[in-house]
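Along the sequence shown, residues carry numbers from 1.
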Amino acid sequence: MGRLSGALRCVKYLLLTFNLIFLLAGSAVTGIGLWLRFGGELRDAVLEDEDEDFRSSFFMGLYVLIGAGALMMLIGFFGCCGAARESQCLLGAFFACLLVIFAAEVTAGAVAFLGKAEAVKELKSAYHEAYKAFQENGTKNNTLSSVHEMAKCCGTEDQASITVLKPLCSEKQQEYKNCLIEIEKTLNYYFHIVGILAIATAGITIFGMMFSMVLCCAIRNSRDML
């Protein structure tokens, strides 16, 4: 009985530690999702894209990420309560919620991976069209300024384009730098962050489900022996 109680206590503290890490991971997921949705140059560039379906898909993926992060924080808190109270009911609910989080994070990671090429293509196309319009009639387009700020670039594949675009480039980037290449690099960076974070969180979630089930079974077995 003492040995079982010691093992139970060890698993209990492991689960409490996991929930603290899970709470912090949820905060990171929510923070990055909110930053990509409401701040930063990427949001401005996406809003200027004329493809409504692309904008909707992009922001829907971010809403899923934000919602999953917020739910992770809430579940982390209740997971601590379940472990501390040694409640089979709370631990079972905790496991079910982790399963939902796992599915959401895998989905977000898959969307980030599969949607990367389409996002790059759409933004490159929007930038090229905006450049042509500015070159022909001098109409200022926010797409150009947003992309220049986001990708830290100035110009198209034609090096001579710098003379046309220079007034719309940031003060820090007045020399030629192909934006079509920099758009791909920048979006790859953003999508890699989202994908890696989602997959890493999903991996952490698997350990949480394992710990919760082990603790739940240990509690049941210890009560059966009484």
Side-chain angles (χ1 to χ4, degrees), residues 4-40 42-43 46 56-116 119 189-226:
L4 179 64
S5 179
L8 175 61
R9 192 177 300 110
C10 179
V11 174
K12 175 179 175 179
Y13 289 137
L14 281 174
L15 187 58
L16 286 170
T17 302
F18 163 81
N19 278 293
L20 179 59
I21 296 173
F22 200 67
L23 190 64
L24 294 175
S27 302
V29 170
T30 304
I32 290 176
L34 288 171
W35 173 63
L36 290 175
R37 174 59 185 90
F38 297 106
L42 179 60
R43 167 186 171 274
V46 171
S56 299
S57 299
F58 180 81
F59 289 126
M60 182 58 66
L62 291 183
Y63 288 138
V64 170
L65 197 65
I66 293 168
L71 190 58
M72 284 169 61
M73 295 170 64
L74 186 64
I75 290 173
F77 172 75
F78 285 112
C80 287
C81 294
R85 291 172 58 87
E86 299 181 7
S87 168
Q88 287 182 273
C89 181
L90 284 175
L91 289 172
F94 176 67
F95 177 87
C97 290
L98 284 184
L99 193 59
V100 173
I101 286 291
F102 176 77
E105 293 296 343
V106 170
T107 301
V111 168
F113 180 77
L114 298 175
K116 179 177 64 175
Y189 172 74
Y190 282 128
F191 276 95
H192 281 159
I193 289 177
V194 173
I196 290 171
L197 186 61
I199 292 171
T201 305
I204 294 172
T205 304
I206 292 175
F207 284 102
M209 290 190 288
M210 291 170 54
F211 285 143
S212 63
M213 281 296 96
V214 169
L215 181 58
C216 191
C217 292
I219 292 171
R220 183 181 61 192
N221 291 336
S222 65
R223 288 175 180 172
D224 289 342
M225 294 179 65
L226 293 177

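Residue Phe207 holds its CZ atom at 10.5 Å from CD1 of Ile21, rounded to the nearest 0.5 Å. Remark: Ile206 CD1 to Leu98 CG distance equals 10.5 Å, nearest 0.5 Å.
The minimum heavy-atom distance between Ile75 and Cys97, with the atom names listed, is CD1-CB, 3.2 Å. Of all non-hydrogen atoms in Thr30 and Met73, the two that sit nearest each other are OG1-SD, 4.0 Å.
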* To do: Decide yes or no on side-chain contact (heavy atoms from CB on, under 4.5 Å) for Phe77 and Asn19, but give the supporting numbers first.
  => CA-CA 7 Å; Phe77 172 75; Asn19 278 293; over 6 Å; no

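Around CE of Met210, the count of heavy atoms belonging to other residues, nucleotides or ligands within 6.0 Å does not exceed 12. The number of heavy-atom neighbours closer than 6.0 Å to OH of Tyr189, taken from other residues, nucleotides and ligands shown, is 12 or below.
Tested against Met209, the residues Phe95, Phe18, Phe94 include a single side chain to side chain contact (heavy atoms under 4.5 Å, CB included) partner, Phe95.
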